Chemist: 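Have a look at this one.
Hydrogens, waters and symmetry mates are skipped; everything else that's a heavy atom, side chains included, is used. For clarity, every value in this text was computed on a predicted model and none was experimentally measured.
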Amino acid sequence: MSDRITKHHVVVIDADDPRDDRTTHPHSAADHNDLRYARTVGGTDDSMRSAVTDHLAALIVATSIGLTLTFAFMALAAGAVAIPAALSIVIACALTIVAYWHPLFAGYTVTSAWAWACLVPPLAGGVTLMSLPVACCVMLATRRNARHGFMMAGAQLLMLVAGTVLGVVRPAEDFATMAVLVAIPAAPVVGLLMAWKQRLDHAREAERELEQRRRALLEQERRAAAATRIHDRVTNRLAYLILRLDNDQAEWTADTPDAARLRAELADLSGIAQGVLDETRNVIGILDGSRSPVTEADADPAGETVMLCDHLRETADRLEALGFVVDADCSGSLPQRYDVDAVNVLHDLIDETGNNIVKHAQPHTDCSIHVMLDGRQATLVSSNRIRTDGAGSGNSGTVIRPGTGLRTKAEQLHRLGGTLDHTARGTTWTLSACLPLRSTSHTSSTTQ
């Protein structure tokens, strides 16, 4: 916990750098490539599974047609079937091929042909040989739509029973022929199993794609967290270090410091540089995955409150070192279950407030930063005198514009349910922010 908070203990200087594009370009090219690779791999696996199922269906269809046409030619040559019956068998085989692409159309058409074969005596001789093509059509139709497939099978069995009762179709005397007729009621079951297998493959593929998307989003979160740390902490600490050195150089030109003061200043600057180095290592850890960008919300609220106060005090000390007269205080305490993201944003907001004072406030004037914690939300109020053109700021009169840093903080607060407002009245710039502190998960669990 202390490691997370101490990283905030410095005034931000360069948060308004317009080159920061995290708000306008949240997705990096690497993130896009990760998602595209996940979709490509998922699409390849899905295509392979569909190809296996399609090949199995094609094999069954080809085998059935081959056996049917072979036995039909032999039966026609032997005079066991008449030419009309042989034509009905060929039509059934042709419809089976059509069923591979248009199963419902072919299924209902072959069911009609089957009904004619069962009820018309000249065609009845081809009923047994038609059973395999008819069964394949039912199988493919059931694979596409189970309800229609079972309706076709039921209608075909009903026509077979009707033809047998009317004496048009004679019951087969050998077991092998009866076994062929069993293919019709078995066909929708096989088609249903194939449909279930296909749906299971699609569900597994969807689950894998969701997992890959989750990993890509986690990677994106790590990169976004690293970009935030670089923007809000690393670059701003370096900018503060440069500004501090420039300030010391300007002061010591006219008044050379004694050895004790010089050693103290160098020790302070060394601590700042060490903090930049530590934060750079943290960013590298986030990028390589060895460090999590999110901290669990089970920290000590009392200790966290103390660290917030220390952070505000150190920010005030940094401003005072640059010549400002600072009125800073932190009152209240964090709730027992607080949102860690909200507290981190509050730390960043303290840094951003110091940044705005350094960049836009009249040098060597009074300024204030007040943080109030009431157990439910945090309120930060800051005010300072606006720097004028005479002070070398480049601002026109008392009008200043918020930079990227404040816009980013406003969006962060909005996502967490908070608000951020800033106004300029006369020569006074006022910043006010309100941020909920309670953990969302805890709040939802208590209300259920």
Side-chain angles (χ1 to χ4, degrees), residues 47-118 123-146 148-157 159-160 169 171-201:
S47 299
M48 291 178 62
R49 291 186 180 87
S50 298
V52 170
T53 305
D54 292 340
H55 290 165
L56 178 60
L59 180 61
I60 294 174
V61 169
T63 302
S64 301
I65 293 176
L67 291 174
T68 300
L69 292 178
T70 300
F71 285 108
F73 178 78
M74 294 172 60
L76 182 63
V81 295
I83 294 178
L87 290 176
S88 65
I89 295 172
V90 173
I91 293 174
C93 291
L95 288 173
T96 304
I97 298 175
V98 175
Y100 190 78
W101 293 278
H102 306 284
L104 297 182
F105 167 77
Y108 281 113
T109 305
V110 83
T111 300
S112 300
W114 174 265
W116 281 94
C118 292
L123 304 177
V127 169
T128 301
L129 291 176
M130 287 179 63
S131 59
L132 284 180
V134 169
C136 287
C137 289
V138 173
M139 178 192 71
L140 295 174
T142 307
R143 180 188 172 195
R144 175 66 62 84
N145 190 301
H148 287 278
F150 278 97
M151 288 173 57
M152 295 174 192
Q156 292 166 9
L157 291 176
M159 291 299 101
L160 180 61
V169 179
E173 297 178 356
D174 58 294
F175 178 78
T177 306
M178 291 298 296
V180 174
L181 295 176
V182 173
I184 295 178
V189 177
V190 175
L192 185 62
L193 292 176
M194 294 177 67
W196 282 347
K197 179 62 169 58
Q198 193 171 22
R199 291 174 184 174
L200 180 61
D201 290 340

Chemist: Going through the distances and angles, do Ile91 and Val110 end up as a side-chain contact (heavy atoms from CB on, under 4.5 Å)?
Modeler: CA-CA 8 Å; Ile91 293 174; Val110 83; over 6 Å; no
Chemist: Looking at every non-hydrogen atom in both residues, tell me the closest pair between Gly191 and Thr142 and how far apart they are.
Modeler: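 What the structure gives for the nearest pair is C-CG2, 4.0 Å.
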Chemist: Looking only at non-hydrogen atoms, find the nearest pair between Ala187 and Ala135 and report the distance.
Modeler: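 Here Ala187 and Ala135 meet closest at CB-O, 3.0 Å.
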Chemist: Would the distance check show the side chain of Thr96 and the main-chain N or O of Pro133 forming a donor-acceptor pair, the cut-off being under 3.5 Å?
Modeler: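 Yes, the answer is positive, given that a donor and an acceptor are paired below the 3.5 Å cut-off.
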Chemist: Hey, is CG on Leu59 packed in by over 12 heavy atoms from elsewhere, all under 6.0 Å?
Modeler: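 Atom CG in Leu59 is packed in, count exceeds 12.
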Chemist: Could you report the tightest heavy-atom contact between Val127 and Ala117, atom names first, then the distance?
Modeler: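 Taking Val127 first and Ala117 second, the nearest heavy atoms are CG2-O, 3.5 Å.
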Chemist: Considering all heavy atoms of both residues, which atom of Gly107 and which atom of Cys137 are nearest to each other, and what is their separation?
Modeler: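 Between these two residues, the closest heavy atoms are CA-CB, 4.3 Å.
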Chemist: Nearest 0.5 Å, what's the CG-CG distance between Leu76 and Leu69?
Modeler: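 Between Leu76 CG and Leu69 CG, I get 11.5 Å after rounding to 0.5 Å.
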Chemist: Side-chain contact, heavy-atom cut-off 4.5 Å: Ser88 with Met130?
Modeler: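 With C-beta onward as the side chain, the pair touches.
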Chemist: Rounded to the nearest 0.5 Å, what separates atom CG in Leu129 from atom CE in Met74?
Modeler: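 One finds 10.5 Å between CG of Leu129 and CE of Met74.
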Chemist: Can you tell me if Thr63 uses its side chain to pair, donor with acceptor, with the backbone of Ile60 under 3.5 Å?
Modeler: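 Such a contact is absent between Thr63 side chain and Ile60 backbone.
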Chemist: Using 0.5 Å steps for rounding, measure from the OG1 atom of Thr70 to the CD1 atom of Ile65.
Modeler: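 Spacing of OG1 (Thr70) from CD1 (Ile65) equals 11.0 Å.
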Chemist: Take Gln156 and Leu160 through the side-chain contact (heavy atoms from CB on, under 4.5 Å) test and state the conclusion after the steps.
Modeler: CA-CA 6 Å; Gln156 292 166 9; Leu160 180 61; over 6 Å; no
Chemist: Flag yes if more than 12 heavy atoms outside Phe71 fall under 6.0 Å of its CZ atom; otherwise flag no.
Modeler: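 For Phe71, atom CZ is not crowded (no more than 12 foreign heavy atoms under 6.0 Å).
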Chemist: Taking the side chain as every heavy atom from C-beta outward, state whether Leu192 and Phe150 have any atom pair closer than 4.5 Å.
Modeler: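 Yes, side chains in contact.
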Chemist: Would you give the length of the straight line joining atom CG of Leu95 to atom OG1 of Thr111, rounded to the nearest 0.5 angstrom?
Modeler: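 With rounding to 0.5 Å, CG (Leu95) is 9.5 Å from OG1 (Thr111).
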Chemist: Are Tyr108 and His148 side-chain neighbours, meaning at least one heavy-atom pair lies under 4.5 Å?
Modeler: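 Yes - at least one pair of side-chain heavy atoms lies under 4.5 Å apart.
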Chemist: Please report the closest heavy-atom contact between Met152 and Leu104, naming both atoms and the distance.
Modeler: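 The pair with the smallest heavy-atom distance is CE-O, 3.7 Å.
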Chemist: From Arg144 CZ over to Met194 CE, what is the distance, rounded to the nearest 0.5 angstrom?
Modeler: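 If I round to the nearest 0.5 Å, the distance is 12.0 Å.
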Chemist: Show the nearest heavy-atom pair for residues Thr68 and Cys93, with the distance to one decimal.
Modeler: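 Heavy-atom minimum between the residues: CG2-SG, 3.7 Å.
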Chemist: Between CH2 of Trp196 and CG of Asp201, what distance do you get to the nearest 0.5 Å?
Modeler: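 Here the rounded value is 14.5 Å.
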